[in-house]
There are 2 protein chains.
Amino acid sequence: MTNIKDLAKMARVSVTTVSRVLNNHPYVSKEKREAVLDAVKSTNYQKNINAVHLSKGKTKLIGVVLPFSDHPYFSLLLKGIAKQALENNYHLVLFQTDYMQNKEIEALEMLQKKQIDGLIICSRTCDLQIIEEYLQFGPIVLSEDVKEINVSSTFVSHYKIFSNALEYLYQRGHRKIGYCIGRSTGANSYNRGLAYKDFHEKYSLSYNSEYIIDKCLYFEDGEKVINQVKLMNIAPSALLVTSDQVAAGIVVSCQKQQISIPDDIAIIGFDNQPIAKMMDITTIEIPLMEMGRNLFLQTINSEISNKEVPVKLIERKTV
Amino acid sequence: MTNIKDLAKMARVSVTTVSRVLNNHPYVSKEKREAVLDAVKSTNYQKNINAVHLSKGKTKLIGVVLPFSDHPYFSLLLKGIAKQALENNYHLVLFQTDYMQNKEIEALEMLQKKQIDGLIICSRTCDLQIIEEYLQFGPIVLSEDVKEINVSSTFVSHYKIFSNALEYLYQRGHRKIGYCIGRSTGANSYNRGLAYKDFHEKYSLSYNSEYIIDKCLYFEDGEKVINQVKLMNIAPSALLVTSDQVAAGIVVSCQKQQISIPDDIAIIGFDNQPIAKMMDITTIEIPLMEMGRNLFLQTINSEISNKEVPVKLIERKTV
DNA sequence: TTGTAGGCGTTATCAA
DNA sequence: TTGATAACGCCTACAA
């Protein structure tokens with residue numbers, strides 16, 4: 001492997017000059033520049049980037065923490081992050097955590113060890129206090145509405161979304177409304193639960209805890225949801241489903257079992273992914289790609305900012 | 001940031017001893033070891049990993065090249081790779097290429113620049129010759145049946161799969177068989193095309209080029225497929241669909257349009273993902289997670305090996 | 001069992 | 001416009 005010293009020897013200049021040429025710095029004469037460039041070509045030279053990292057203290061690497069990449073929500077967010085990273089000449093290090101805290105901490109430690117310049121946490125399971133401790137080592141950006149600590153974030157207000165969707169269903173006569181989520185812990189689910197509770201208090205409605213169905217992640221979980229609903233004494237007349245895929249699975253499952261949508265049960269999906277359009281599912285549009293882009297930009301722009309992204313209800317045929 | 005020198009001073013030992021303690025090397029007395037450990041604790045010390053990288057010439061980082069991460073095929077493969085990487089204490093750098101050659105080359109260059117120790121290419125668009133040039137810089141593993149150059153690979157034989165599936169359909173009386181793929185270029189598609197051609201020659205059947213439908217990636221593309229089929233003068237009686245998601249989309253679309261499966265058209269999916277089970281789709285099981293794991297292991301085990309993974313036809317109700 | 005010193009490949013500082 | 005030389009922080013012969 002030829003290095004900068006070899007080049008210097010070959011071009012009969014100092015390493016400094018080589019470095020200048022390599023990094024397009026000014027103050028190099030034409031002749032020397034060309035001599036260096038010749039040497040570069042003839043040796044097929046490439047920088048050892050680790051030396052650059054050590055010298056500069058930066059890696060142009062941003063970490064991305066997410067529970068799993070095989071879920072449309074996260075893979076779309078990731079796609080947005082990746083797109084923006086590319087435009088800014090960064091690369092991504094993936095931390096697939098499966099919601100295991102120690103893996104999240106591993107990512108935080110890589111920030112501390114300077115292997116990554118910043119960290120995007122798409123969904124977390126560890127405490128905010130822990131994250132706060134690592135803030136001193138580099139920028140960390142979250143995808144949730146965080147007030148407790150001073151970090152950047154890009155998020156949608158799940159409280160508002162849920163409130164609005166519940167209101168929408170209420171106006172259409174629904175009084176027994178259930179909802180499906182991916183996991184019952186986590187900040188987003190907490191806010192949804194709050195909105196759900198507040199809604200029921202506002203209208204003095206009661207609800208059954210079995211109306212809250214968790215572990216709904218994939219298309220095929222739709223079937224599970226319908227099977228659960230069928231076992232209930234009093235079935236909900238509408239379902240808020242925090243993923244279009246699951247909503248689509250529910251729709252298909254209902255067709256199989258002769259359950260009519262929206263007459264027997266109304267469905268609202270989340271995200272407005274293409275599958276929702278194809279299946280004519282009423283859904284709440286969440287601009288995941290844009291959110292991903294913004295998350296990335298926040299990690300490299302050192303000022304701290306919090307951005308709430310607006311969402312939109314798309315009315316189709318399942319309500 | 002405290003470094004190894006500071007620790008040495010604090011513990012009143014040499015940097016070598018500190019390094020020994022930090023890396024669990026033998027030949028350190030209890031007292032000195034404890035003194036070092038104390039210093040580590042009191043300073044909250046963490047290695048600067050870039051210095052380690054530079055010094056060792058390794059990064060414990062493996063690159064993964066894939067066109068997009070929001071597709072079940074690749075996200076499952078990625079999941080397998082990530083699982084195994086974790087077990088072996090490696091991290092992954094993601095290269096989302098969108099099938100753009102320059103991005104693939106960027107990944108190859110990171111190998112050359114030593115930012116990554118190895119590279120897994122899940123799907124490529126650049127020539128094998130180009131890849132061959134970079135082989136000197138580190139292990140590269142492909143997920144296709146490659147004979148032209150000497151690299152490791154884990155793959156399924158798309159030729160065999162297609163041949164078997166076509167044969168299966170033939171035995172059940174199908175004579176007009178079409179197929180759907182993600183993209184028409186690429187090694188896998190080439191092998192499928194070959195199998196398709198050979199099959200038709202074997203049985204002296206003719207086929208229409210419109211029976212080959214490409215750009216089928218997502219669930220929602222199923223609708224597009226059916227719309228195309230409906231426009232054909234002579235519609236195929238069976239369809240090989242290289243993704244369970246698309247197959248599911250086709251099934252749903254057919255239900256909408258009163259097309260009966262398998263009577264009007266038979267469907268075989270690929271991968272055997274949960275959605276195929278839920279929808280009772282006959283499919284070919286491809287163990288993507290295992291393939292991912294093996295791809296990873298091949299990149300860190302320096303011997304070159306080529307592993308063909310067996311597949312299995314799962315008979316359900318769409319044929 | 002311990003420590004000295006050189007090396008890893010760049011970049012940055014400063015003097016010329 | 002150029003070049004010595006000192007960082008950057010760690011690892012590892014080699015010597016003691």
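Within every chain, numbering begins at 1; the chains are lettered A, B, ... in the order of the sequence lines, protein sequences first and strands thereafter.
Nucleotide C:dT11 holds its P atom 11 Å from the NE2 atom of A:His53, rounded to whole Å. The nearest whole Å value for the distance from the NZ atom in B:Lys56 to the P atom in D:dC11 is 7 Å. Nucleotide D:dA13 holds its P atom 11 Å from the CZ atom of B:Arg20, rounded to whole Å. Per the geometry, CG belonging to B:Asn3 stands 14 Å off C1' belonging to D:dC11, to the nearest Å. Atom NE2 in B:His25 sits about 13 Å away from atom C1' in D:dA13, given to the nearest Å.
The side chain of B:Asn50 places no N or O atom within less than 4.0 Å of a non-bridging phosphate oxygen (OP1 or OP2) of D:dG9.
Heavy-atom nearest nucleotides on DNA chain C were determined for B:Arg12 and for B:Lys114, and the one closer to the 5' end corresponds to B:Arg12. The 5' end of DNA chain C is approached more closely, in terms of each residue's nearest nucleotide, by B:Thr17 than by the other of A:Leu54 and B:Thr17.
Contact annotation: side chain of A:Thr16 to base of D:dA4, donor-acceptor pair present below 3.5 Å.
With rounding to the nearest 0.5 angstrom, the CZ atom of A:Arg183 is 8.0 Å from the CG atom of A:Asn188.
B:Phe296 and B:Tyr90 have perpendicular rings, their planes meeting at more than 60° on a 0 to 90° scale where under 30° would count as parallel.
Shown here for A:Val21 and A:Arg33, the closest heavy-atom pair between the two residues is CG2-CA, 3.9 Å.
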